[in-house]
Peer 1: 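Quick one: the structure is below, and I'll ask about it shortly.
Start at 1 and go down the list; that is how both ligands and their atoms are numbered. Please read all numbers here as calculations on a predicted model, not as lab measurements.
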Amino acid sequence: MPMTAAPSRVPAQADTTTTDATDRFLGLADHYSAHNYHPLPVVIAEASGAWMTDVDGRRYLDFLAGYSALNFGHGHPDLVAAATEQLGRVTLTSRAFHHDQFGPFCAELAELTGTDMVLPMNSGAEAVESAIKVARKWAYQVKGVPEDRAEIVVAGSNFHGRTTTIVSFSTDPTARSDFGPFTPGFVITPYGDADAVEAAITERTAAVLVEPIQGEAGVLVPPADYLPRLRALCDDNEVLLIADEIQSGLARTGELLASEHDGIRADLYTLGKALGGGIMPVSAVVGRREVLGVLRPGEHGSTFGGNPLACAVGRAVIALLRTGEFQRRSRELGAHLHRRLGELVGQGVAEVRGRGLWAGVEIEPGGPTGRQASTALAERGVLCKETQDTTLRIAPPLVISRADLDAGIDAVAEVLTGR
Ligand SMILES: *Cc1c(COP(=O)(O)O)cnc(C)c1O
């Protein structure tokens, strides 16, 4: 595999030759790490705000924000301070004991999200797995579905994580192939099609699980009546609505939760990514007491879920979100981003989707592949990543300055319009 490093857009540092440090790190990763990703050949050594610096001192603008795990940017001082302070106090107790960050974290997250209860986990996939277990248990205990017959209605082109149960209801062959046998109990309907969900609901349906905006699928925004209709269908049929807001939530779209744009509330939400402030994995299921309350001691758990360090970082994240500043930045900068990207439609860009500081840029047929575009952007000092073959996902940290955002958009325009 050729190992070309991308030069920075900063002219003084521009250098198209791959240097020793980059080569060495790429070589180690290529040889010793499992090849479950296809990263751009850039080796980051440090980062601050919306900027990253590689091992050879080249600087890059972050246009991906760790798939929205870095909504507050790299090294936000409040988050680093909270983590550093907690590191010196206590980092792990296990859930065998209480600690002084746990109750406050759960209370503050419930308050922030307008929910009753919190089930802290670590990764997003774990939060989704936990929501599935809770919904099934609720179906048996509360709704009265016969044992082992509960079904969960999901959407095609979904992304909910990588565990064996979750890939069981993926429609992406790359995510599924060779990983069977699969977990039964899921019914797949086309994303955005409320009629299909209506047809799929039976007396055995425990829940409808959906992303309010599908991130990995290419930042797909569903029709305006989709989520309200799902809410009404769930109400009419005693079915839970589970909104996976792991990528769309926590200010990315200009609201705390993307489902707020649709004016609906879910029974359960899965949160992750930005909940850990880009410092560590922190996820949670939050929702109604009637639902999360079905869990009894010993029925579900995690050694690290809700640990003191995670809770301390999570509390600092919640404090940032409470100010509303990041939601506002996403709305304002997002309006600017979408206005400027919209001008590229018909000039190398087929379509721009998304909300807030989050965009899926569909490249016109005949243009570069998403991978080629990402590589060309890296050569201009802007790091983002394709999702699907022909879509660029743009999701800068919400702390990005307007000037930096414009510089990044200029690079995108250059690469996609060939100007
Ligand atoms: C990233 C993501 C997940 C999985 O999160 P991990 O922390 O990678 O396990 C689940 N759902 C959505 C919508 C995501 O974007």
Peer 1: Just by distance, with hydrogens left out, do S170 and R176 show a side-chain donor and acceptor under 3.5 Å apart?
Peer 2: no
Peer 1: Sequence neighbours excluded, which residues qualify as side-chain contact (heavy atoms from CB on, under 4.5 Å) partners of E364?
Peer 2: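 Testing E364 for side-chain contact (heavy atoms from CB on, under 4.5 Å), a comparison that skips the adjacent residues, returns A350.
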Peer 1: Name all pairs fulfilling the ring-ring contact (aromatic ring centres under 6.0 Å, His included) condition that reach into residues 117-138, sequence neighbours left out, sorted by first residue then second.
Peer 2: none
Peer 1: Name each N or O atom in ligand 1 that is under 3.5 Å from a protein N or O, and give the partner atom and the distance.
Peer 2:
residue, atom, partner, partner atom, Å
ligand 1, 7 (O), G124, N, 2.8
ligand 1, 9 (O), G124, N, 3.3
ligand 1, 9 (O), A125, N, 2.8
ligand 1, 11 (N), F159, O, 3.4
ligand 1, 11 (N), D244, OD1, 3.4
ligand 1, 11 (N), D244, OD2, 2.7
ligand 1, 15 (O), Q247, NE2, 2.7
ligand 1, 15 (O), K273, NZ, 2.6

Peer 1: With ring centroids as reference points, do Y226 and Y191 lie under 6.0 angstrom apart?
Peer 2: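 Centroid distance Y226-Y191: below 6.0 Å, so yes.
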Peer 1: Considering only NZ, NE, NH1 and NH2 on the basic side and carboxylate oxygens on the acidic side, decide whether D262 and R231 come within less than 4.0 Å.
Peer 2: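 No, this pair does not count.
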Peer 1: Could I get the full list of side-chain contact (heavy atoms from CB on, under 4.5 Å) partners for K385, not counting sequence neighbours?
Peer 2: L40, L64, Y67, R371
